[in-house]
Amino acid sequence: MPRWVDTREGGEEEVDDESTSEEEDDEEIEDQAVEEDVDVEEEDGEGNVDQNDRAASNAQAGPSGQRGKISISLGKKGLVCHVCGKKGHCAGFVGSVYHDCPFKPCYLCKQAGHTTMTCPFRIAPEHGCRQATGICSDGMLACVRQRELSGRRQDLHIEQNDWLVDAAVLKLHSRRCTCLEFHPTKDNIVVSGDKKGQVAIWDFEKVHERTVHGNMHRALTNNLRFLGPLHDMQCASASSDGLCKVFDVETGFDTVVLNMNPDGWIPGVTNERTWIMLYGLDVCTERQLIIAGDSKGKVYFADARTNKEIAQLQLHKKGNKVNTVHVNPVNCNLMMTGSNDWTARIFDIRNMPSSVGSSSSHASGNGSEDKAMELTCLDHPKVVNAAYFSPRSGSKIMTTCIDNRLRIWDYILSAGGPPDREIVHSHDFNRYLTPFRAEWDPKDTAERTIVVGRYISEDFGGAALHPVDIMDASTGRLLTQLVDANLATICPVNKPHPRMDVIISGSSRSLYAWRPVSEGNEDEAERARVAAEKKGGAAPSSDHFVSYDADDAATEKKKRKAASAAAGNLKDGSPAGKGKGKGKAGPLFAEDDDTPPSKANWKKKKDDNTEGKRKKK
DNA sequence: AAGTAATGAAACC
DNA sequence: TGGTTTCCCTTACT
């Protein structure tokens, strides 16, 4: 049985009882649409039927297969499409299926001439992908042959299991989760950061055990990285408050390594242009370096032993975020960054200019000045959310770009040129959500398995769910899609465990632990599934399900007090009042000085979405 | 149950 | 270069 943790008051009941009559509603809507003379009969994405069916049984089993024809009524005169503004049709959800505006390019691959529903990339995710050389449709024979030829061990690591959420901690954070990191030595521990600057430590085996360091930062915790097995309690963090800290995950005791805004926020003086935020972060254990990227295209190097800044360099175009920093896992001289300037870049740290001070003010040029270190630049057509070396050999490269493509280079040396593969995959949303970042599975010795959340939803037995995809980076093939009826929100943050068959997803304010359904456990999983279905997607068991309303600041304080009184690990429960604390927070800061850059004066345009709204409940 | 705020990139002038 | 507007399947709340 899945283990869900709900520590809010009333725990399970909260999530209970939603949408029991979902199917009837669906039918109603469909019927309606049919009645009102239908011009366009649903283009049915034949190709993905089986894919969906399989996952549908994973999710709300429902009357899965026999989902009747869905129709959209284009004949209605009164309708106005909120996407293109033209009359006579309307984009949006019909039940759990979204229909694109037929006059816009495909939402998935961005090409004109078809909609997402009929997109070749949706029907066959590997469509148009060149396979990596030496990879023959995943046959065992091909793997053996490859192994003999290259002398390297090539595991066939094909995920075929069904996965389900095994444990969850709901509302652990008070804002959306922004990053995740596994503890280097304690297998069951995952550390997560959120949009408010909190850092949480969760034991996904014990489920109820978690610690929240509430005031680690005063703005988004953008990245976390452990200092390594030798300092296994020490974790570094980079935040939009401009701080890079090293903190002890058990005690929460922290040391500031970098402070990009030493004068703080001075009303009337500081503004959004001058405030510096830290984004990308990595730790180089060999060199004892902490490397962080900022919101202005600079990268900072700090000595992890002294916690002092060594250098800062303008490695990317000015004014553009450096979203990720990654030190090559086998060659610590190599570093790669992914940035909002539409590039990923690879650097040789040895070529760092010797005379770089903390007050460097290089000017001129097109913005990215400190070229000495740069080995190559990987151009992209849009923002690069993430750029990572493969975790074992360090010789492959994968980037996540918001043009809805994952790009794979099979060898670093080819990184100057076009990628070996572009995998079309839906992850292009850029507001409201934490940016998607595709991750390598460090367990796969062949360095093929990758994990990435999907933005676009799919109909799983009547529910619109957003799967987490396990894909093969060498073929572009979708190996498995993770869905669970209890997890209906988008999962932008996902990490495969380095040693266990576990994937942790951060979705909204909650964390979820996926596990494959083992053969012996299928019955149990089935029961859990049925239970979940009966309850309308609610918590099957409180042993596996915790919710924790971290929203209200006062409640939070109370809770912390109680926790410290109890002087031990936080135990389940500590019933929190129903979170109402609106948590009036400027975009940048959670508390005090109320002059953070606020965009409250933004004009709002009504986003007339009503007719196409997805029916919930 | 309908409305809305928070939010970020990019196109445009 | 800077300010303004738009956009596209959000989410959690009133």
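Proteins come first, then strands; the chains are lettered A, B, ... in the order of their sequence lines, and each starts at number 1.
Distances from the side chain of Tyr455(A) to the nucleotides dA12(C), dT10(C), dT7(B) place dT10(C) closest. For Arg431(A), whose side chain is taken as the heavy atoms from C-beta onward, the closest listed nucleotide among dG8(B), dT10(C), dC8(C) is dG8(B). Here the nucleotide nearest the side chain of Lys104(A), chosen from dT10(C), dC13(C), dC8(C), is dC8(C). For Asn340(A), the side-chain atoms get nearest to dA9(B) when compared with the rest of dT11(C), dC13(C), dA9(B). Considering only the side chain of Ile402(A), dA9(B) comes nearest among dT11(C), dA9(B), dC9(C). Set against dA10(B), dC13(C), dC9(C), the side chain of Val383(A) has dA10(B) as its closest nucleotide.
Across the protein-nucleic acid pair, Lys318(A) atom NZ and dG2(C) atom C1' stand 16 Å apart, rounded to whole Å. Between the CG atom of Leu465(A) and the C1' atom of dT10(C) there is a distance of 15 Å, given to the nearest Å. Going from atom NE2 of His173(A) over to atom P of dA6(B) covers 22 Å, rounded to whole Å. Rounded to an integer number of Å, the gap from CZ of Phe436(A) to P of dC9(C) is 13 Å. Taking atom CZ on Arg454(A) and atom P on dT10(C), their separation rounds to 15 Å, with Å as the unit. Lys196(A) has its NZ atom 12 Å from the P atom of dT7(B), to the nearest Å. Rounded to an integer number of Å, the gap from Glu458(A) CD to dC9(C) C1' is 11 Å. Rounded to whole Å, the distance from CG on Asp100(A) to P on dC7(C) is 15 Å.
The residue Ile490(A) sits close only to the backbone: its heavy atoms come under 4.0 Å of sugar-phosphate atoms, none of a base. Contacts of Lys321(A) with the nucleic acid, taken as non-hydrogen atoms under 4.0 Å apart, involve only primed sugar atoms and P, OP1 or OP2. Nucleic acid contact for Thr116(A): base, since at least one base atom lies under 4.0 Å from a heavy atom of the residue.
Side chains of Ser96(A) and Asp459(A): a donor on one and an acceptor on the other come within 3.5 Å.
Note that Lys110(A) lies in the cation-pi zone of Tyr107(A), set by a 6.0 Å cut-off to the ring centre and a 45° limit from the axis.
Rounded to whole Å, the separation between the P atoms of dT14(C) and dT7(B) comes to 16 Å.
By the 5.5 Å and 30° criteria, Tyr432(A) is stacked with the base of dT10(C).
Base orientation of dC8(C): syn, since the glycosidic angle falls within 90° of 0.
Ion pairing of Asp194(A) with Arg175(A) is absent here, as no side-chain N (NZ or NE/NH1/NH2) approaches a carboxylate O to less than 4.0 Å.
Side-chain rings of His326(A) and Tyr388(A) approach one another, their centers coming within less than 6.0 Å. Aromatic rings of His89(A) and Phe103(A) (six-membered ring for Trp) have centroids within the 6.0 Å cut-off, being under it.
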Can you list the steps and then say if His380(A) with Ile402(A) is a side-chain contact (heavy atoms from CB on, under 4.5 Å)? CA-CA 9 Å; His380(A) 289 69; Ile402(A) 65 170; over 6 Å; no

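Across Asn385(A) and Thr324(A), no two heavy atoms sit closer than the pair O-CG2, 3.4 Å.
Residues satisfying the ring-ring contact (aromatic ring centres under 6.0 Å, His included) criterion with Tyr300(A), sequence neighbours excluded, are absent altogether.
Distances shown here put a side-chain N or O of Lys195(A) below 4.0 Å from the OP1 or OP2 atom of dT7(B). Dashed line: the shortest gap from a side-chain N or O of Arg273(A) to OP1 or OP2 of dT1(C) is not under 4.0 Å.
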Under 3.5 Å, which protein N or O atoms sit close to an N or O of nucleotides 11-13 of chain B? Give each pair with its distance.
none

